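Source: prediction; values computed, not measured. Numbering starts at 1 and runs along the sequence shown.
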Amino acid sequence: MDKADKQKFIKHTIIVILICIPMAFLWYFIINANSTPSYKTETVTATEPRVYVTTYGDRYHSAGCSYLAKSQHAMGKHEATSKGYTACSRCGGRSSGTISVTYTKKIEVDSTAKNIWGAIGLSVLCTPLAYLFIYVLVADHIENKGYKSVTQNLSYRSPPPSNKTAAEPITPPPPKISIRVGDAVSHKAFGLGVIKKIDGKYFTVQFDHDSKDFICPDVFESGLMEDFNLNKRNNL
């Protein structure tokens, strides 16, 4: 694994860890909201006030009550109450002494730690798989898009077939007009004259009665003026 691959691996690992943290909280709330409480039973031995019950009655009695003449069983007062016995209306069910009672008690189990570890496990398991799946889809989409773009660019570079069978004749550029001071010119409106001054593309022509300014090569290309000396130089 080269340096670039190591850096890419570290980057993706940090991203997965950062996503795992909020995902763990989310999974905890989901598990905690949908989990049912669980219970465990414990055997408890306690000392309670002692009362007496009969074999077939539903009352608890004090010692010496006349209802205990046929049968009597010692029992803790809280145990008797939990089993549905009520106090005798004659003796009042007053306790006499104490008794050690052993019974089972149902206790709700705290499932917070179990839910936390379950949320962490689901986050660690699901987050990398989901990230990998999304990353592969995005990378594949970008790669395919780039491939299509390159293919389209290559296809655009291919020139369309030409229907021309013969090469078109190349028209040579017009000769460059280079005037000089002293050249004799002929203007269609002002007649014959001589170039007296040249300033860039502007030049002055002296005619018989007046001087005029013109622009080169516009006045020659329009056909209004002809330079006799230029024609001689071009023919040489």
Side-chain angles (χ1 to χ4, degrees), residues 1-26 123-236:
M1 183 183 293
D2 57 8
K3 185 176 180 180
D5 292 336
K6 288 182 179 179
Q7 292 178 350
K8 185 181 294 185
F9 176 77
I10 294 173
K11 181 184 72 173
H12 291 309
T13 303
I14 294 174
I15 293 174
V16 170
I17 292 174
L18 293 177
I19 297 175
C20 275
I21 296 174
M23 288 299 296
F25 283 98
L26 178 62
S123 178
V124 171
L125 178 65
C126 298
T127 303
L129 296 176
Y131 178 77
L132 180 63
F133 178 74
I134 295 173
Y135 178 77
V136 169
L137 286 181
V138 173
D140 183 67
H141 174 71
I142 294 174
E143 184 178 354
N144 289 337
K145 186 176 180 181
Y147 174 76
K148 291 179 180 179
S149 178
V150 172
T151 305
Q152 291 175 354
N153 291 335
L154 290 176
S155 64
Y156 291 154
R157 293 177 184 177
S158 301
S162 178
N163 295 325
K164 297 180 180 180
T165 56
E168 295 181 356
I170 299 176
T171 303
K176 183 178 179 180
I177 300 176
S178 176
I179 59 176
R180 299 177 183 178
V181 176
D183 284 356
V185 297
S186 173
H187 195 276
K188 289 186 176 182
F190 304 108
L192 298 176
V194 179
I195 297 177
K196 294 296 185 181
K197 180 182 178 182
I198 300 175
D199 185 9
K201 64 179 181 178
Y202 300 97
F203 66 99
T204 304
V205 178
Q206 180 65 48
F207 296 102
D208 292 338
H209 303 288
D210 198 2
S211 62
K212 301 289 183 181
D213 294 329
F214 301 95
I215 299 175
C216 180
D218 297 356
V219 68
F220 297 101
E221 292 177 350
S222 63
L224 293 176
M225 183 178 290
E226 183 180 0
D227 188 336
F228 298 113
N229 299 86
L230 177 62
N231 292 336
K232 292 178 180 179
R233 288 194 295 270
N234 292 335
N235 294 328
L236 293 179

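With sequence neighbours excluded, no residue forms a salt bridge (Lys or Arg N to Asp or Glu O under 4.0 Å) with Asp208. Taking Tyr202 as the reference, nothing meets the ring pair (Phe, Tyr, Trp, His ring centres under 6.0 Å) condition, with sequence neighbours excluded. Residues satisfying the side-chain contact (heavy atoms from CB on, under 4.5 Å) criterion with Ile17, sequence neighbours excluded, are Thr13. Partners of Ile14 by side-chain contact (heavy atoms from CB on, under 4.5 Å), not counting sequence neighbours, listed by chain and number: Ile10, Leu18. For the side chain to side chain donor-acceptor pair (under 3.5 Å) test, residues two or more places apart in sequence or in another chain that qualify with Thr204 are Asp213.
In terms of heavy atoms, Val219 sits closest to Phe214 at CG2-CD2, 4.0 Å. Across Val181 and Lys196, no two heavy atoms sit closer than the pair CG1-O, 3.6 Å. Across Phe220 and Met225, no two heavy atoms sit closer than the pair CD2-O, 3.5 Å.
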Return all side-chain donor-acceptor pairs below 3.5 angstrom for residues 184-191, not counting sequence neighbours, or 'none' if the list is empty.
unit_1 : atom_1 : unit_2 : atom_2 : d
His187 : ND1    : Ala189 : N      : 2.9
His187 : ND1    : Phe190 : N      : 3.3
Lys188 : NZ     : Gly223 : O      : 3.4

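By the 4.0 Å N-to-carboxylate-O rule, Asp210 lies close enough to Lys212 to be salt-bridged with it.
From Lys201, atom NZ reaches atom CD1 of Ile179 across 13.0 Å, with rounding to the nearest 0.5 Å.
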